[in-house]
Enquirer: 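Got a structure for you, questions after.
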Amino acid sequence: MKVEKCGKSVDIAYWAGKPRPVLYVHGSGFDGSLWFGQLKEVGGYAIDLPNRGFSGEAEIESVEDYAFYVAKVAEKLAPRIVFVGHSLGGAVVQRLYLEFRRIVKGLVLVGTGARLRVLPQILKGLKSKPAETIDFFINYSFGDREKAAGWVEKCRKMLLERKSLLLKDLTICDKFDLLEDFRSGKVKIEAPTLIIVGEKDRLTPVKYSKFFYSVIPGSKLAVIRGAGHMVMVEKPKEFNETLSKFLSSLQV
Ligand code: COA
């Protein structure tokens with residue numbers, strides 16, 4: 001799908017499951033293929049953010065830039081959509097809500113936070129010793145690496161092929177910060193919101209999700225046992241059940 005920004009047209013790709021107004025947004029360095037388990041069982045669409053997968057190249061400097069492309073794709077898919085964002089994708093859907101709320105039917109914040117500071121050793125290490133740092137990052141991402149072995153390798157391979165994009169995405173995460181705005185009430189999410197986090201998430205700890213739960217009125221919080229940051233691939237059954245229940249409650 002073509003999206004125009006500042007006079008430049010960029011092709012933005014998405015994967016489709018059974019038709020349902022749900023759009024999944026992946027995290028740093030990944031692409032829409034991470035959501036295959038959800039597309040198959042729950043349905044909806046999974047975007048490849050610019051500069052990866054089947055999407056074209058675009059100038060991206062911030063979460064706002066990504067949110068623009070996601071919103072423009074969503075507008076062409078359905079009048080109102082439930083946005084499911086993981087990690088960086090969770091920051092993107094928060095920003096999208098603030099700027100394009102008329103198209104938001106609901107939000108699902110997965111392993112994400114209102115502020116996403118990144119360990120300095122990850123940002124530095126990706127420049128000086130990328131392979132070692134990606135191993136560290138992957139180890140940090142899964143609750144139980146042995147149980148999720150297939151996904152661990154798939155994710156490692158994907159990130160090794162996209163070292164500089166991973167660094168760029170994580171640098172963008174590091175700057176993302178709505179924490180004080182949520183605390184002061186300057187930023188408020190009024191859309192129906194489901195918060196999902198893996199009990200063993202070390203990149204965006206449960207504390208970040210509990211914070212959302214405390215500031216988003218009427219939100220629901222699901223802490224998935226045994227899962228880490230990659231909760232949707234680590235525990236797809238539990239994840240999909242939780243998501244499906246939320247979507248049914250919205251009659252989506
Ligand atoms: N929601 C709620 N609370 C948050 C938050 C969020 N999204 N982000 C930070 N905070 C809290 C912290 O828990 C901390 O609280 P405390 O003072 O009670 O301990 C406080 O705000 C300050 O935290 P932070 O801004 O992160 O700075 P820091 O110097 O304490 O820590 C890091 C910096 C990088 C060590 C830390 O952010 C971290 O461990 N991040 C997770 C690892 C990572 O790299 N994740 C990648 C995310 S994409």
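Indexing begins at 1, ligand by ligand and atom by atom, following the structure's order. Note: hydrogens, waters and symmetry copies are ignored here, and every other heavy atom, side chains too, is used.
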Enquirer: Within 4.0 Å of atom 28 (P) of ligand 1 (strictly less), any protein heavy atom?
Expert: no

Enquirer: For Ser9, is there any backbone N or O sitting under 3.5 Å from a side-chain donor or acceptor partner on Glu4?
Expert: no

Enquirer: How far is atom 47 (C) of ligand 1 from the closest protein heavy atom, and which atom is that?
Expert: Leu203 O, 3.7 Å

Enquirer: May I ask you to decide whether Glu241 forms a salt bridge with Lys245, counting only side-chain N to carboxylate O separations under 4.0 Å?
Expert: no

Enquirer: Can you pull out the closest protein heavy atom to atom 43 (C) of ligand 1? Residue, atom name and distance to 0.1 Å, please.
Expert: Arg117 O, 3.6 Å

Enquirer: On the six-membered ring of Phe68, is Lys5 placed so that its NZ or CZ lies under 6.0 angstrom from the centre and within 45° of the ring axis?
Expert: yes

Enquirer: Taking ring pair (Phe, Tyr, Trp, His ring centres under 6.0 Å) as the definition, give me every residue that meets it alongside His26, ordered by chain and number, with sequence neighbours left out.
Expert: none

Enquirer: Please list, in number order, the atoms of ligand 1 under 4.0 Å from a heavy atom of Gly113.
Expert: 7 (N)

Enquirer: Going by side chain to side chain contact (heavy atoms under 4.5 Å, CB included), Leu178 matches just one of Lys186, Arg115, Gln94, Arg183. Which one?
Expert: Gln94

Enquirer: Which ligand 1 atoms, with their elements, are less than 4.0 angstrom from a heavy-atom of Leu119?
Expert: 34 (C), 35 (C), 42 (C), 43 (C), 44 (O)

Enquirer: Could you tell me whether atom 40 (N) of ligand 1 has a protein heavy atom closer than 4.0 Å?
Expert: yes

Enquirer: Name the closest protein heavy atom to atom 18 (O) of ligand 1, giving the residue it belongs to and the distance to 0.1 Å.
Expert: Lys207 NZ, 3.2 Å

Enquirer: Looking at atom 31 (O) of ligand 1, tell me if a protein heavy atom falls under 4.0 Å from it.
Expert: no

Enquirer: Could you tell me whether Asp169 and Arg162 have a side-chain N and a carboxylate O separated by less than 4.0 Å?
Expert: no

Enquirer: Relative to the heavy atoms of Ala114, which atoms of ligand 1 are at a distance of less than 4.0 Å?
Expert: 7 (N)

Enquirer: Check whether the ring centres of Trp15 and Tyr45 lie less than 6.0 Å apart, and answer yes or no.
Expert: no

Enquirer: Which heavy atom of the protein is the closest neighbour of atom 7 (N) of ligand 1, given with residue, atom name and distance?
Expert: Arg115 O, 2.9 Å

Enquirer: Indicate, as side chain, backbone, both or neither, the part of Leu88 found under 4.0 angstrom from ligand 1 when only non-hydrogen atoms are considered.
Expert: neither

Enquirer: Side chain, backbone, both or neither: which applies to Tyr208 and ligand 1 if a contact is any heavy-atom pair less than 4.0 Å apart?
Expert: both

Enquirer: Once ring pair (Phe, Tyr, Trp, His ring centres under 6.0 Å) is applied, what residue pairs with a partner in residues 129-168 remain, sequence neighbours excluded?
Expert: Phe136-Tyr140

